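Below is one structure, written out as structure tokens; comments come after it.
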Amino acid sequence: VIPGWFSEISPMWPGEAHSLKVEKVLFEGKSDYQNVMVFQSSTYGKVLVLDGVIQLTERDECAYQEMITHLPLCSIPNPKKILVIGGGDGGVLREIARYSSVEKIDICEIDKMVVEVSKQFFPDVAVGFEDPRVTLNIGDGVAYLKAVEEGTYDAVIVDSSDPIGPAQELFEKPFFASVARALRPGGVVCTQAESIWLHMDIIEGIVANCRQIFKGSVNYAWTTVPTYPSGMIGFMLCSTEGPTVDFKNPVYSIDEDDSQTRPLKFYNSELHSAAFCLPSFAKRAICSK
Ligand code: AAT
């Protein structure tokens, strides 16, 4: 460990640790679920860390939040009811709020401290909570989904941390089954699905589960995020049986909507389609089974 630097050390990426220079630690606390830390970095703005793992930085959060949101929502016409699991920083809410078709945004985040800390230190991210269509629930996403009435949502976005800690069950088959139940026919889910460089075993497990549960389509997409392990992160995009969803060819271009008061920083329609192109080794592992 280099003094004055933050190193992201975890058994989930043994033998490597991305480091950022720390200007100042702004917050350190322990919630009921995890350690929460915020620091000012030299080159990536403020950084939110949970249990030693980077959740977002001000400089590159746009890549993750815009892709995890617009990949599913631009793949279906006129999304109306959306559920977010995790995402307590509010960034995914900020992105969903761009859609005038959306009527209701429910969010279930397990850790109240993440919401409070985000409102205090990341106002440009937590701005998502200000949208009047948002209802915040503090609780476990697994329990929340079990209680949802069948066929409620057009889209579910699972903005979850890694499968060590409170998010473990969000990577398991019963959870995907309750997501499918909560979706309308032809509804879509997008879940945080780790890195093809580091977690092919986890990804193959998720793909196998999703193939059994989602009878529409099952796809993996990815994007660069410099401060996530290996510099990239992937998403599973699946649809339930019903109207066909062709994820690779978006039906709506949010990036061409002139009414946006905050222009998109990262997502556009070309990147949307490109996100589904995989390196050969990943294609073999993910697409051939
Ligand atoms: N948008 C920032 C990126 C995240 S945040 C993941 C959120 O999921 C955290 O706020 C965490 O408290 C919440 N969470 C974890 N488990 C649950 C659960 N069971 N129910 C509801 N919310 C939960 C993801 C960063 C990815 C990091 C990649 N290395």
Side-chain angles (χ1 to χ4, degrees), residues 8-13 16-18 29-38 46-58 60-69 83-96 106-119 121-122 124-129 136-148 156-172 174-176 178-179 190-199 202-203 222-235 266:
E8 191 185 43
I9 295 169
S10 164
M12 284 204 57
W13 36 93
E16 61 185 276
H18 186 240
K30 194 169 171 29
S31 73
D32 292 342
Y33 299 95
Q34 50 209 347
N35 288 306
V36 180
M37 201 236 310
V38 178
K46 288 189 215 106
V47 183
L48 173 65
V49 179
L50 299 178
D51 279 346
V53 176
I54 295 174
Q55 306 293 303
L56 66 85
T57 82
E58 287 182 309
D60 66 5
E61 56 89 12
C62 60
Y64 178 78
Q65 324 264 28
E66 291 185 18
M67 292 297 271
I68 198 173
T69 307
L83 172 63
V84 180
I85 300 293
D89 51 79
V92 169
L93 302 175
R94 177 192 68 198
E95 294 306 313
I96 299 172
D106 292 328
I107 174 167
C108 180
E109 159 65 50
I110 203 166
D111 195 341
K112 168 163 123 268
M113 192 181 281
V114 174
V115 177
E116 288 162 358
V117 162
S118 300
K119 285 182 177 170
F121 295 101
F122 300 91
D124 292 339
V125 180
V127 63
F129 287 104
L136 169 63
N137 302 275
I138 298 295
D140 182 5
V142 175
Y144 184 90
L145 262 163
K146 277 185 192 146
V148 167
V156 176
I157 298 173
V158 188
D159 176 13
S160 101
S161 28
D162 299 316
I164 294 183
Q168 193 189 326
E169 282 186 66
L170 304 180
F171 289 79
E172 292 169 1
F175 176 74
F176 290 118
S178 47
V179 170
C190 181
T191 76
Q192 193 271 87
E194 303 296 353
S195 161
I196 55 173
W197 290 111
L198 300 170
H199 305 121
I202 299 176
I203 296 168
W222 61 286
T223 190
T224 94
V225 181
T227 59
Y228 281 168
S230 82
M232 59 86 64
I233 200 153
F235 310 102
F266 191 89

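Order of listing sets the numbers, starting from 1, for every ligand and every atom in it. For clarity, every value in this text was computed on a predicted model and none was experimentally measured.
Judged as a ring-ring contact (aromatic ring centres under 6.0 Å, His included), and not counting sequence neighbours, the contacts of Tyr228 are Tyr64.
Not one N or O on the side chain of Glu169 forms a donor-acceptor pair closer than 3.5 Å with the backbone of Val142.
Contact record, Phe171 with Glu194: CZ-OE2, 3.9 Å, taken as the closest heavy-atom pair.
Using a cut-off of 4.0 Å between Lys/Arg side-chain N and Asp/Glu carboxylate O, Glu61 and Arg94 are scored as salt-bridged.
Around ligand 1, the residues contributing at least one heavy atom under 4.0 Å from the ligand are Gln34, Leu50, Val53, Ile54, Gln55, Tyr64, Gln65, Gly86, Gly87, Gly88, Asp89, Cys108, Glu109, Ile110, Asp111, Val114, Gly139, Asp140, Gly141, Asp159, Ser160, Ser161, Asp162, Pro166, Ala167, Leu170, Gln192, Tyr228, Pro229, Ile233.
Taken to the nearest 0.5 Å, the CD atom of Glu95 stands 12.0 Å off from the CZ atom of Phe266.
Side chain to side chain, Gln55 and Asp89 fail the donor-acceptor criterion of an N or O pair below 3.5 Å.
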